[in-house]
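Chain naming here is simple, since letters A, B, ... match the order of the sequence lines and numbering starts at 1 in each. Reckoned from all heavy atoms, side chains included, excluding hydrogens, waters and symmetry mates.
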Protein chains: 2
Amino acid sequence: MAGVKKRFVIPEEIRVEVEEKGGFERIIKELPRDEIRMVAKVMNTLSDPQRVKILYALKRQRMCVCMLRKVIGSSYSRCSYHLSKLKKGGLVHSERLGNYFIYSLTPFGKSIVKHFKKYRPEVRT
Amino acid sequence: MAGVKKRFVIPEEIRVEVEEKGGFERIIKELPRDEIRMVAKVMNTLSDPQRVKILYALKRQRMCVCMLRKVIGSSYSRCSYHLSKLKKGGLVHSERLGNYFIYSLTPFGKSIVKHFKKYRPEVRT
DNA sequence: CAAGTATTTAAAAAATTTTTGAAATATTTA
DNA sequence: TAAATATTTCAAAAATTTTTTAAATACTTG
C-alpha cells in the first residue's frame, strides 16, 4: 500500500554493538554536524593538486601571482581562480606590493599544511 | 616578435628572500610531488560532506549500507557511489555478512579521521 | 527452485567545477 | 597623461562529478 514505510533491519551481529552504544538513532544524533561541514569544506578547497601545490610552495616562501603561476604551470586567470578559492577557504591571504599581489599562508593555512604528512598512505599504522 | 619569451620579474623584496633559499627554480624543484599528489587525492575523496559524514559514523561503529544510507539520508545507489569512492581512496573496506555488506574504516582511514579536528578554523593559532 | 532482501552497476541526466580568452582595474613608469 | 605591467573578473565552453533510475548480482529463506 502507498505510504507504508518499510522498516529496515540491522543485522544481529551489528545490532548488539549498536545497542551497547545507546542505539542507532543516538549514534546519528551525536555526529558533530558542524565539524563535518568544516572538514568537508577544507578538504574541498584542497581537492585539487594545483591548489595543494600552491600551499606547499607558500609554506616555503611567500610569492606573487606571476611566481605561483610558474609553480603550477598555468595562465594568470587560472592561477587567480585557484587563489580565490584558497582565499575563500581562509587558507591564504594577499597584500598588494606596488603592482604585485603577494600571497602567503594564513595562520589557519599554516596549521593545516603542518599536518599534510598524515595524508600519505605510507603512514598507515 | 613571435616566440619571444617574456622574462618574468620577481619583486625586489621577495627576490631577496628567494635567493636566500637557493633561488626560485630550486624552490620549485624541491616541492614533494608525490606527497602533493597523495594529499590532493585524499582531500578529493573527502571533499563531499556526505562522505565525511560516513567516515565519522564508521569511526563510531561499523555499519551495513542500509544503515549508512540512513546516516546520510540517501538512496542505496547514491550511498553505494560514495562508498565506492571511499573504498577506492583506501579509507574504508567492506566484508560480506550474509546478505549484508559491512563497511568499516581501514587503518589508513582511521589514521586520517584521527586528525580531523585540525580542520576546524577555531583551531587557528 | 522461486521469491525476497541487500547491494552494486550502468547509462543517462543534472549539477558543479574548471578552463579559457577577452575585457576591466589598479598601479607604476615614461 | 599615455603606455606598460600585474592581476582580477566575467561569461562561455569544456570537463568532471554527482544524482537518478532501472536492471543486474548474490545470498537467504520458504
Measure [atom1]/[X] against [atom2]/[N] and give the value in whole Å, please.
X	N	atom1	atom2	result
A:Y81	C:dT18	OH	C1'	5 Å
B:K88	D:dT17	NZ	P	10 Å
A:Y100	D:dA6	OH	C1'	7 Å
B:N44	D:dT18	CG	C1'	12 Å
A:E12	C:dA6	CD	P	15 Å
B:K41	D:dT16	NZ	P	17 Å
A:R15	C:dA6	CZ	P	13 Å
A:I10	C:dT5	CD1	P	17 Å

Does [X] reach a base, just sugar-phosphate, or nothing at all? Heavy atoms under 4.0 Å.
X	value
B:R51	sugar-phosphate
A:F101	sugar-phosphate
B:K85	sugar-phosphate

Query raised in the report: Counting just side-chain N and O atoms, does A:H82 come under 4.0 Å of either OP1 or OP2 of C:dT19?
Result: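 For C:dT19, OP1 or OP2 has a side-chain N or O of A:H82 closer than 4.0 Å.
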
Query - N or O in side chain of A:Y103 less than 4.0 angstrom from D:dT8 OP1/OP2 - result: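 Yes, such a contact exists.
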
Do [X] and [Y] touch side chain to side chain, with heavy atoms closer than 4.5 Å?
X	Y	value
A:M67	B:F8	yes
A:E35	B:F116	yes
B:K110	B:L91	no
A:I102	B:P11	yes
A:F24	B:V71	yes

Query raised in the report: Among A:E19, A:E13, A:E12, which residue meets the side-chain hydrogen bond (donor to acceptor under 3.5 Å, both in side chains) test with A:R15?
Result: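 Exactly one candidate clears the test, A:E12.
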
**Report entry** Considering all heavy atoms, the nearest B:I36-A:P49 contact
**Finding:**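 Smallest heavy-atom distance, with atoms named: CG2-O, 3.7 Å.
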
**Report entry** Minimal non-hydrogen separation, A:C66 against A:K70, with atom names
**Finding:**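 Heavy atoms of A:C66 and A:K70 come nearest at O-CG, 3.3 Å.
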
If you restrict it to nitrogen or oxygen atoms, what contacts under 3.5 Å exist between nucleotides 21-24 of chain C and the protein, and what is each distance?
| residue | atom | partner | partner atom | Å |
| --- | --- | --- | --- | --- |
| C:dG21 | O6 | A:S77 | OG | 3.2 |

Sort me out a list of protein N/O and nucleotides 25-28 of chain D N/O pairs below 3.5 Å, or just none if empty.
| residue | atom | partner | partner atom | Å |
| --- | --- | --- | --- | --- |
| D:dC27 | O2 | B:N99 | OD1 | 3.4 |
| D:dC27 | O2 | B:N99 | ND2 | 3.3 |

Query - Between OG on residue B:S94 and NZ on residue B:K87, distance to nearest 0.5 Å - result: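 Here the interatomic distance stands at 3.0 Å.
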
**Report entry** Spacing of CD belonging to B:Q50 relative to CG belonging to B:L86, to within rounding of 0.5 Å
**Finding:**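 Answer for the CD-CG pair, B:Q50 versus B:L86, is 11.0 Å.
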
Query - B:Y76 and B:Y81 aromatic centres sub-6.0 Å - result: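 They do not qualify: ring centres at least 6.0 Å apart.
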
**Report entry** Lys/Arg-Asp/Glu bridge criterion (N-O < 4.0 Å) met for A:K21, A:E17
**Finding:**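 So A:K21 does not pair with A:E17 through a salt bridge.
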
Requested in this report: List in numerical order all residues of residues 57-67 of chain B for which some heavy atom is under 4.0 Å away from an atom belonging to DNA chain D.
Outcome: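 Going residue by residue through residues 57-67 of chain B, none turns out to have a heavy atom under 4.0 Å of DNA chain D.
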
